[in-house]
Number of protein chains: 2
Amino acid sequence: MAVVPRPVRTSPGTPTGTPAGTPAGSPAGTPAGTPARTPTLADVAAAAEVSLSTASLTFSGNKPVSEATRSRVLAAAASLGYTGPNPLARNLRRGRSGVVGIAVGRLSTAFSDPAALPMLDAISQVLDAAGLGLLLMPDDADHVGLPLDAAIYDICGRETWGSYDELAAREVPMVVVEGPSWPGTTFIDIDHRGGVAALARHLHDLGHRRVAILMLEASHPQREREAGLREVFPDAEVVGACASDIGAAQATVAAWLDAAPGGRPGVTALVCQSDVQAAGAVVEARRRGLRVPDDLSVAGFDGVPTPWLDVDLTTVAQPLAEKGRATAQAVLDRIAGAETADVVLPVELRLGGSTGPVAPPTDVAG
Amino acid sequence: MAVVPRPVRTSPGTPTGTPAGTPAGSPAGTPAGTPARTPTLADVAAAAEVSLSTASLTFSGNKPVSEATRSRVLAAAASLGYTGPNPLARNLRRGRSGVVGIAVGRLSTAFSDPAALPMLDAISQVLDAAGLGLLLMPDDADHVGLPLDAAIYDICGRETWGSYDELAAREVPMVVVEGPSWPGTTFIDIDHRGGVAALARHLHDLGHRRVAILMLEASHPQREREAGLREVFPDAEVVGACASDIGAAQATVAAWLDAAPGGRPGVTALVCQSDVQAAGAVVEARRRGLRVPDDLSVAGFDGVPTPWLDVDLTTVAQPLAEKGRATAQAVLDRIAGAETADVVLPVELRLGGSTGPVAPPTDVAG
DNA sequence: CGCTAGCATCGAATCGATTCGATCGAAACG
DNA sequence: CGTTTCGATCGAATCGATTCGATGCTAGCG
């Protein structure tokens with residue numbers, strides 16, 4: 001990358017209207033009758049008395065330009081109020097838009113998941129560094145007509161990926177995070193199964209024999225996690241599917257406990273699919289007088305902070321930032337036309353105070 | 001809008017590689033030696049034996065095309081694997097990118113604010129309906145070179161709006177939400193001052209005379225809110241600035257109480273700048289044995305759900321979705337070249353259980 | 001002093017569509 | 001039956017840049 005000259009900046013104070021001294025007709029060549037049109041590179045070239053190609057090279061830096069010429073061009077640009085090559089034209093020529101789409105389901109739900117943010121942040125940082133922008137693609141909109149260099153499918157389990165077909169037809173490179181297997185896409189995943197299996201072994205070591213699992217909506221990672229749990233607890237009870245927000249989790253757990261004989265769970269541990277879910281479970285269990293972890297151990301997934309909870313969750317922590325970086329890197333590779341291998345990142349069992357040994361039975365009678 | 005034909009969809013299962021039956025050279029006119037290039041509208045026109053203009057009209061629907069011609073063109077497109085007009089070319093011609101940027105500070109902090117999501121959601125919905133995409137512009141990246149039809153500056157108080165100068169120079173329409181006044185931009189705001197003043201009167205009615213205000217980082221709305229409070233409590237104590245996340249609020253309140261004589265606040269009410277902050281304050285106050293609202297009334301701002309709190313916050317509720325819609329509408333208007341008036345939306349005082357009457361002094365001695 | 005590099009510059013083709021104005025034919029009208 | 005009108009189609013210009021290959025000129029080399 002050679003040094004790219006920046007267009008002259010106008011500080012806040014005079015940003016609106018025509019920049020000072022802009023009106024067309026100043027340099028030779030522009031007929032005076034022309035209405036003030038925003039100047040093009042051709043105008044700059046004419047004003048600087050160089051060819052269009054040279055003017056272009058001055059701005060792109062793709063080939064050396066003599067210092068004298070360069071400053072003549074920049075001076076002409078400044079006097080005309082030229083703010084740099086038109087991105088639309090550049091994009092057409094290059095065949096790139098500089099924009100990567102990311103499918104995010106419904107915005108309000110996607111980003112309320114605290115695990116989504118660090119990852120999105122990492123993706124954005126890597127892409128930004130490469131000069132690419134990140135465009136949100138909510139499910140309810142079709143994004144035909146938007147030029148995308150690549151697309152990321154995140155937020156696992158969405159089945160309503162309306163844009164997939166369009167993008168696939170246009171052969172837009174796609175990277176799928178924690179998604180089902182699709183041909184022609186690159187996958188970024190984490191070791192769901194191994195993580196939950198490790199958690200399950202931990203619970204087993206603590207003496208737990210009867211455990212329940214609080215599910216999310218059906219999805220690829222969800223199935224993997226259940227399989228991981230059943231490696232250790234083949235008969236684990238399924239509590240029910242709920243969204244990953246604290247209210248939904250609380251409601252689902254409430255319904256579950258309501259249905260249990262005597263309001264006491266038939267299990268000693270509850271494995272949740274996110275820390276948010278787990279937090280909801282803890283809150284609801286306590287609200288009913290159950291002690292955590294004495295009466296019920298609760299485990300989460302993700303490894304995000306839950307500051308409003310006064311207990312550290314035992315959880316399967318996933319490397320969110322690294323997942324984001326891997327995703328973005330795969331996008332860059334695919335845009336560059338390189339082959340990319342799928343990625344499966346390791347997770348880490350993180351022990352907290354929300355799980356503990358099974359309390360010895362207080363009474364012989366059930 | 002006439003009916004726009006959609007490109008043929010390939011279901012998941014055959015999305016990668018060249019669509020079946022695509023190889024160039026099938027119809028007359030394409031020399032057989034050409035390497036398989038992705039087909040252009042010109043190829044389709046040639047295959048359908050119509051002019052380029054007619055082919056274009058078939059896809060854009062901007063002028064009527066006879067049914068016979070239309071189907072010939074579509075058939076040719078299908079057989080060539082043409083997936084519709086190249087968005088890059090269309091954009092250049094139209095002079096529009098179909099992309100609107102939104103400045104969001106740092107992603108992880110911007111979206112962790114629960115008030116940001118409903119608004120972003122509303123913006124996105126309106127823009128999507130207009131066929132526009134939303135592109136994230138974090139502060140740390142420069143988005144020169146990305147073609148934007150307009151830009152939204154949200155997340156008040158950021159001073160590091162690096163992209164502003166560039167966009168202003170390029171005369172990209174800008175809409176600022178709750179921001180400082182900049183020339184050439186459209187403003188969307190809420191009645192910060194009136195809202196907090198109403199809240200202050202409510203506290204006064206409850207008998208409060210000594211109140212404190214927990215600030216955010218300095219910003220335009222922050223100043224307005226403080227002014228609103230001082231309409232009623234000119235001597236309100238300023239507690240300190242902290243970010244709008246529960247942990248920061250908790251820490252700030254903790255430090256404040258630590259510094260207070262006897263660990264008891266010198267006020268009877270604490271006005272916060274967001275519900276998240278308020279939640280942090282409630283949690284910390286309770287942790288120290290203060291009863292809310294008996295010992296300390298706490299009020300928030302925004303009117304977002306705080307499900308993990310067992311008390312409803314008294315708060316100044318702002319119409320988040322409407323703010324988003326107004327913002328998006330302003331963007332659409334400005335893109336269309338229309339003049340737009342600034343908007344100030346009303347807020348609503350919502351009473352909850354976190355504020356209450358001042359308890360009568362339990363003792364004569366201070 | 002003649003020859004070869006190498007650098008700066010230029011001309012022209014190209015990216016892939018949209019759209020204005022013109023043309024052509026057929027239907028509707030008097 | 002001649003003329004007007006309207007709809008469908010087409011040719012050509014245009015959007016605003018990037019880039020390949022060619023050219024001219026200067027400097028270095030033997």
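Since the structure is predicted, the reported quantities are computational estimates derived from the model, not experimental observations. Each chain gets a letter, A, B and so on, in the order the sequences are listed, and its residues count up from 1.
- Separation of the F187(A) and Y153(A) ring centroids does not fall under the 6.0 Å cut-off.
- Remark: A76(B) engages V44(B), A47(B), A48(B) in a side chain to side chain contact (heavy atoms under 4.5 Å, CB included) (not counting sequence neighbours).
- Note on the helix from dC1(C)-dG30(D) to dG30(C)-dC1(D): angle between the axes of the first and last five pairs equals 30°, rounded to 10 degrees.
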Worksheet item: What string of B, S and - do you get for nucleotides 17-23 of chain D, 5' to 3', if B is base contact, S is sugar-phosphate-only contact and - is no contact with any protein heavy atom under 4.0 Å?
Response: BBB-B--
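- For S71(B), there are no side-chain hydrogen bond (donor to acceptor under 3.5 Å, both in side chains) partners at least two apart in sequence or on another chain.
- Listed by first and then second residue, the side chain to side chain donor-acceptor pair (under 3.5 Å) pairs involving residues 327-342 of chain A are T186(A)-R334(A), T186(A)-T340(A), Q329(A)-D333(A) (not counting sequence neighbours).
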When the side chains of residues 124-137 of chain B are checked against the rest of the protein, which donor-acceptor pairs come out under 3.5 Å, sequence neighbours left out?
{"residue": "S124(B)", "atom": "OG", "partner": "D128(B)", "partner atom": "OD2", "Å": "3.1"}

Practice prompt. Under the side chain to side chain contact (heavy atoms under 4.5 Å, CB included) rule, what do I152(A) and I123(A) come out as? Steps first, then yes or no, please.
Written response: CA-CA 10 Å; I152(A) 298 170; I123(A) 291 179; 3.8 Å; yes
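- When the P atom of dG16(D) is taken as reference, atom CG of D43(A) falls 9 Å away, rounded to whole Å.
- Using a 4.0 Å cut-off between charged nitrogen and carboxylate oxygen, R106(B) and D139(B) do not count as a salt-bridge pair.
- In this structure, E49(B) places its CD atom 14 Å from C1' of dT9(D), rounding to the nearest Å.
- The side chain of S66(B) contributes an N or O atom lying less than 4.0 Å from OP1 or OP2 of dT9(D).
- Within the 3.5 Å criterion, the main-chain N or O of L57(A) finds no donor-acceptor partner in the side chain of N62(A).
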